[in-house]
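Since the model is a prediction, treat every value here as computed from it, not as a measurement.
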Amino acid sequence: MPSSFFGLHVAASGLNAAQASINTTANNISNVNTEGYSRQEVGRVASAAQRCFTSYGSIGTGVQVTKVTQVRDLYYDEKYWNNNSKLGMHEKKLYYMNQIENYYTDDVKTSGFTTLYTKMFNALDSVKKNAGDASVRNQFISGAQELMDYFNSTAISMQDLQSSINDEIKTSVDSINSVSQKIALLNKQINIIEMEGGMANELRDERARLVDEVSKLIPIEASEVEVTNSNYEDQKTGATRFELRFNGNLLVDNYEYNTLSVVSREKKANQSDIQGLYDVKWDFSGAIVDFNSVALDGEMRAMFDVRDGNDAENLKGKVVATGSNTLKIMNPTITDIEKMSLPNEGTVLVNSTYYNYSDFSVETDSDGKITSYTFVLDRPLTAEERTSLGGKSLVVGKTVDFKGIPYYMEQMNEFLRSFTKEFNNIEKTGVDGYGNKMNAFFVSYDSFAAKEMDCSDPIESTTFGSQSNTYYRMTALNARVNKATQDDPNLFATTTDFAKGESANDLIDPLAELENKTKFFRGGSGSAFLQCIYADITVDTQESKVFTSSYTNVKNVIEQQRMSISGVDEDDEAMDLIKFQNAYQLAAKCISTLTAMYDQLILNTGV
């Protein structure tokens with residue numbers, strides 16, 4: 001039979017439970033605007049009943065507070081993390097595509113390609129009217145150099161952006177490692193607290209916030225399982241095992257974490273790439289992470305796509321012959337010298353193995369079309385390799401199916417090579433103001449050799465190398481007007497016959513026809529270059545805008561779902577406060593009532 005004072009114990013348990021609930025409600029209200037905070041609630045169960053040797057058998061012993069837990073649903077967390085990585089990818093792409101679009105701006109404030117291109121040909125028209133005037137010639141030459149300066153500055157801006165993205169990749173890798181370390185430390189702190197019977201709610205909130213942060217950079221998968229006693233599987237230890245995976249590998253394994261690091265590429269993947277672009281590898285295995293894979297997303301994927309994207313237009317072919325240290329391919333995907341984008345030193349992928357090459361040469365047919373490439377490798381091939389590589393597909397650099405910086409650099413190179421080749425071929429048929437045969441008007445400048453190259457080596461039915469004086473060497477970074485012609489406008493040829501006098505202009509009409517020559521660039525005219533570039537940029541930018549808007553809407557919906565479960569609602573907390581206050585007052589009333597009963601029992605009942 002229970003003690004006469006047993007009721008005080010029962011009422012006190014209700015008082016304590018109500019007090020714990022009020023305290024928890026106060027904590028929720030205090031953190032109503034705290035980012036990442038999850039609403040907490042008190043777990044209560046009826047205390048074990050006490051057996052009584054009476055007709056009713058047992059009697060309740062009150063209420064017991066089991067724990068104070070955070071209210072959170074892993075299902076919505078996972079949905080948020082998956083969507084967050086996709087949103088991060090498209091937001092970052094949109095950010096960079098807007099920058100690239102700005103480089104090609106042509107309006108009243110900024111003179112872009114169309115303005116400068118038209119200005120140059122308008123100046124050429126003035127030369128036709130007054131070919132003997134040196135100042136008029138000089139005006140055209142200045143306009144031509146201004147157009148080359150535009151390509152130079154745009155290409156430099158592209159490389160600066162590529163360098164900026166490269167630096168951001170390293171910063172992001174450092175951030176991923178830092179977050180992984182923090183999560184591993186939090187896992188240990190959480191387990192220390194919870195193995196002793198407590199609940200590390202605030203630490204769990206901080207861990208979830210960190211996972212939110214890293215999920216925007218890379219796609220992740222999180223899991224948490226309870227740890228049981230190895231000898232008694234049904235007995236829980238209070239500890240949990242938290243894992244965070246990226247691309248199938250463990251990023252965080254409870255108290256341990258794996259780090260990523262950047263490594264500079266030995267060779268460039270595209271002709272106009274800057275040196276030292278980073279790849280990312282796992283430190284524990286040394287394996288390179290392919291961030292251009294369609295299976296990945298997140299801001300890191302966007303950075304690699306924009307930095308390395310060549311629209312899958314890198315060189316490919318089939319190995320038909322091998323030498324001691326050479327690989328020859330036929331049926332190449334790039335047969336025009338104007339479209340060549342491979343670096344003079346780079347990397348080829350054959351049979352799942354990468355080989356570095358230090359030089360290459362090409363063979364052409366009578367039309368100047370490339371029929372084969374031969375790569376000189378950095379190391380000799382073994383007999384087994386020479387046998388196994390024959391007939392295999394070869395890929396130069398990386399195939400990245402996105403129109404990023406390398407793609408737009410290649411488009412500028414292709415236009416310049418096509419345009420300057422046509423212009424120079426016409427100019428070379430003429431004579432300058434001194435009666436001498438005209439040299440190339442547009443040249444490429446080799447900064448290492450500190451000399452100009454007129455790209456005059458013939459390519460029809462011949463073999464030429466990466467260092468040959470061909471239009472492969474001309475890029476948006478180094479194209480310019482012949483320095484001698486800039487210094488002396490009389491070196492610009494306007495006629496094929498010196499005897500006709502300095503005002504002869506029979507070369508001007510063929511040159512002027514280049515402005516709107518059809519089938520000149522991507523099946524259109526040279527003047528349509530900017531429209532082609534803008535069309536490419538607009539498609540990708542618009543796609544990024546659409547996906548950014550879509551995933552932002554999804555994010556908002558998921559956040560609302562998460563907040564409906566984990567968020568603190570002021571109205572709900574106010575109602576809870578009243579409810580628990582009433583419970584506290586009722587428990588206190590029970591104690592007051594019992595106190596009066598005991599007074600009657602002790603003071604007024606007697607013999």
Side-chain angles (χ1 to χ4, degrees), residues 117 120-149 151 336-338 364 366-368 413 415-447 449-465 467-475 478-515 517 520 526:
Y117 191 70
M120 181 184 71
F121 277 99
N122 287 341
L124 185 62
D125 187 56
S126 298
V127 174
K128 179 180 179 180
K129 297 175 183 177
N130 195 0
D133 190 336
S135 63
V136 174
R137 290 178 178 228
N138 195 58
Q139 185 177 1
F140 165 72
I141 294 168
S142 297
Q145 181 56 44
E146 196 173 358
L147 181 64
M148 296 300 104
D149 289 340
F151 278 101
D336 295 320
I337 189 172
E338 292 83 5
T364 61
S366 58
D367 296 323
N413 293 346
F415 170 82
L416 278 172
R417 290 165 180 170
S418 299
F419 175 74
T420 58
K421 180 180 178 180
E422 293 277 352
F423 197 100
N424 285 344
N425 286 344
I426 295 172
E427 271 290 275
K428 287 180 180 180
T429 63
V431 292
D432 62 25
Y434 303 106
N436 300 316
K437 185 174 177 60
M438 177 66 188
N439 293 319
F441 181 77
F442 292 107
V443 298
S444 65
Y445 182 71
D446 187 334
S447 57
K451 67 177 183 179
E452 294 178 342
M453 303 185 66
D454 61 8
C455 309
S456 60
D457 286 358
I459 63 170
E460 293 81 6
S461 301
T462 186
T463 299
F464 67 88
Q467 301 301 319
S468 299
N469 184 26
T470 65
Y471 281 93
Y472 163 76
R473 302 289 296 277
M474 180 173 287
T475 69
N478 62 27
R480 75 180 193 183
V481 174
N482 188 322
K483 184 65 166 59
T485 305
Q486 292 186 62
D487 294 337
D488 185 355
N490 288 319
L491 293 178
F492 173 58
T494 62
T495 181
T496 58
D497 188 353
F498 183 69
K500 292 181 179 179
E502 61 180 9
S503 296
N505 59 12
D506 52 287
L507 275 184
I508 302 302
D509 283 339
L511 292 174
E513 290 175 359
L514 294 178
E515 180 178 10
K517 181 179 178 179
F520 183 68

A.B. asks: State whether the side chain of Thr494 and the backbone N or O of Leu507 hold a donor-acceptor pair below 3.5 Å, judged by distance alone.
C.D. replies: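 The answer is no, because no donor-acceptor pair under 3.5 Å joins these two groups.
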A.B. asks: Verify the ring-centre separation between Phe464 and Tyr472: is it less than 6.0 angstrom?
C.D. replies: no
A.B. asks: Establish, from distance only, whether the side-chain atoms of Thr496 and Asp506 form a donor-acceptor pair under 3.5 Å.
C.D. replies: yes
A.B. asks: I'd like to know if the side chain of Asn478 and the backbone of Thr475 have a donor-acceptor N/O pair within less than 3.5 Å.
C.D. replies: yes
A.B. asks: Sequence neighbours left out, what pairs pass salt bridge (Lys or Arg N to Asp or Glu O under 4.0 Å) with at least one residue falling in residues 487-496?
C.D. replies: Lys483-Asp487
A.B. asks: Taking the side chain from Asp446 and the backbone from Ala449, do they hold a donor-acceptor pair closer than 3.5 Å?
C.D. replies: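 Side chain of Asp446 to backbone of Ala449: a pair is present.
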A.B. asks: Do Asn469 and Asp454 meet the criterion of a side-chain donor-acceptor pair at a distance under 3.5 Å?
C.D. replies: yes
A.B. asks: Any side-chain to backbone donor/acceptor pair from Arg137 onto Val127? Under 3.5 Å, distance only.
C.D. replies: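 Side chain of Arg137 to backbone of Val127, a donor-acceptor pair under 3.5 Å: no, none is there.
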A.B. asks: Are Phe441 and Phe140 close enough that their ring centres sit under 6.0 Å apart?
C.D. replies: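 Here the rings of Phe140 and Phe441 have centres that are less than 6.0 Å from each other.
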A.B. asks: Residues two or more places apart in sequence or in another chain: which of them pass salt bridge (charged side-chain N to carboxylate O under 4.0 Å, His left out) with Asp457?
C.D. replies: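 Here no residue qualifies.
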A.B. asks: For Phe121 and Tyr117, take the angle between the two ring planes, folded into 0 to 90°, and tell me which bin it lands in: parallel under 30, tilted 30 to 60, perpendicular over 60.
C.D. replies: perpendicular
A.B. asks: Any side-chain to backbone donor/acceptor pair from Lys437 onto Lys428? Under 3.5 Å, distance only.
C.D. replies: yes
A.B. asks: If we ignore hydrogens and angles and just use 3.5 Å, is the side chain of Thr364 paired with the main-chain N or O of Thr462 as donor and acceptor?
C.D. replies: yes
A.B. asks: What residues, two or more places apart in sequence or in another chain, satisfy salt bridge (charged side-chain N to carboxylate O under 4.0 Å, His left out) together with Glu338?
C.D. replies: Lys421
A.B. asks: For Asp336, what residues pass the salt bridge (charged side-chain N to carboxylate O under 4.0 Å, His left out) criterion, not counting sequence neighbours?
C.D. replies: Lys369
A.B. asks: Applying salt bridge (charged side-chain N to carboxylate O under 4.0 Å, His left out), name anything that partners Asp125, two or more places apart in sequence or on another chain.
C.D. replies: Lys129
A.B. asks: Can you list the residues that meet the side chain to side chain donor-acceptor pair (under 3.5 Å) rule with Glu452, with sequence neighbours excluded?
C.D. replies: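 Result, side chain to side chain donor-acceptor pair (under 3.5 Å) vs Glu452: Arg480.
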